[in-house]
Amino acid sequence: MEPLEPTIDNIAKAIFTVNRHAKTALNPSFLYLLKKKAIEKLLQEGKAKKVGLHFSRNPKYSQQQSDVLVAVGDYYFHIPPTKEDFATLPHLGALNDSYRNPATRMPLSKAKALLQTYTGIKPILPKQKKSYQKPVFKRLGESY
């Protein structure tokens with residue numbers, strides 16, 4: 001499996017793939033971290049642009065909440081807002097259901113590998129479980 005070139009289009013497709021898989025993953029925290037760090041790096045490099053604020057589709061604690069809409073190539077993603085975002089970005093209201101990101105086919109392993117090399121983040125390895133050792137029962141007064 002040859003690595004993909006870190007072009008804006010390939011990175012946007014990788015973020016889209018990681019984001020799609022994170023929504024149904026059992027442990028999505030690493031995938032969302034990859035997405036967040038990749039978008040932050042693209043914004044710092046000027047390769048992505050914050051478009052505005054949208055009302056969140058699933059707000060926490062039933063409160064009204066907004067997300068930042070970020071354009072990366074032909075793709076749009078949402079990230080949590082900062083305090084400066086509320087002061088500088090226009091509010092676009094509710095999400096527009098008529099727009100969809102372009103359909104993309106990219107294996108999750110390739111997408112993760114590309115974003116890991118781009119951001120420099122290493123995967124979080126699960127802690128090794130200690131092997132279970134059965135207890136040894138001795139009769140009263142017996143010694144081994």
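As a basis for the values below, the full set of heavy atoms in this structure was taken, side chains included, without hydrogen atoms, waters or symmetry mates.
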- What pairs with Pro90 under side-chain contact (heavy atoms from CB on, under 4.5 Å), at least two apart in sequence or on another chain? none
- Message: Restricting to side-chain hydrogen bond (donor to acceptor under 3.5 Å, both in side chains), what partner residues turn up for Thr119, sequence neighbours left out?
- Response: none
- Are Val18 and Leu108 close enough that some pair of their side-chain heavy atoms sits under 4.5 Å apart? yes
- Message: Test of understanding: with salt bridge (charged side-chain N to carboxylate O under 4.0 Å, His left out), list the residues that count as partners of Lys13, not counting sequence neighbours.
- Response: Asp9
- Message: Checking Lys50 now: which residues fulfil side-chain hydrogen bond (donor to acceptor under 3.5 Å, both in side chains) with it, not counting sequence neighbours?
- Response: Asp85
- Item | For Glu84, all residues meeting side-chain hydrogen bond (donor to acceptor under 3.5 Å, both in side chains), sequence neighbours excluded | Thr82
- Closest contact, heavy atoms only, Ala22 versus Pro28: O-CB, 3.2 Å
- Task: Nearest 0.5 Å please: distance from the OG1 atom of Thr117 over to the NZ atom of Lys122.
- Result: 8.5 Å
- Message: Using side-chain heavy atoms (C-beta onward) and a distance below 4.5 Å, is Lys35 in contact with Leu31?
- Response: no
- Approximate separation, where rounding is to 0.5 Å, of Leu114 CG and Thr17 OG1: 10.0 Å
- Item | Tyr76: partners by ring-ring contact (aromatic ring centres under 6.0 Å, His included), with sequence neighbours left out | Tyr99
- Spatial distance of atom CG (Leu42) from atom CD1 (Ile8) [nearest 0.5 Å]: 7.0 Å
- Message: I'd like to check the salt bridge (charged side-chain N to carboxylate O under 4.0 Å, His left out) partners of Asp74; sequence neighbours left out, ordered by chain and number.
- Response: none
- Mind checking what makes ring-ring contact (aromatic ring centres under 6.0 Å, His included) contact with Tyr75, not counting sequence neighbours? Phe16
- Here the pair of heavy atoms bringing Ile15 nearest to Ala38 is CD1-CB, 3.9 Å
- Given side-chain contact (heavy atoms from CB on, under 4.5 Å), test Leu53 with Asp67 step by step and report yes or no. CA-CA 6 Å; Leu53 295 161; Asp67 295 322; over 6 Å; no
- What pairs of residues pass the ring pair (Phe, Tyr, Trp, His ring centres under 6.0 Å) test when at least one of them lies in residues 26-60, not counting sequence neighbours? His54-His78, Phe55-His91
- Message: Applying salt bridge (charged side-chain N to carboxylate O under 4.0 Å, His left out), can you list everything that pairs with Lys49, at least two apart in sequence or on another chain?
- Response: none
- Message: Just to verify, what does Lys41 make a salt bridge (charged side-chain N to carboxylate O under 4.0 Å, His left out) with, not counting sequence neighbours?
- Response: none
- Task: Quick one: list whatever passes side-chain hydrogen bond (donor to acceptor under 3.5 Å, both in side chains) with Asn101, sequence neighbours left out.
- Result: none
- What is the distance from atom CD1 of Ile39 to atom CG of Leu34, rounded to the nearest 0.5 Å? 11.0 Å
- Query: Do Lys36 and Ile79 have side-chain heavy atoms sitting under 4.5 Å apart?
  - Reply: no
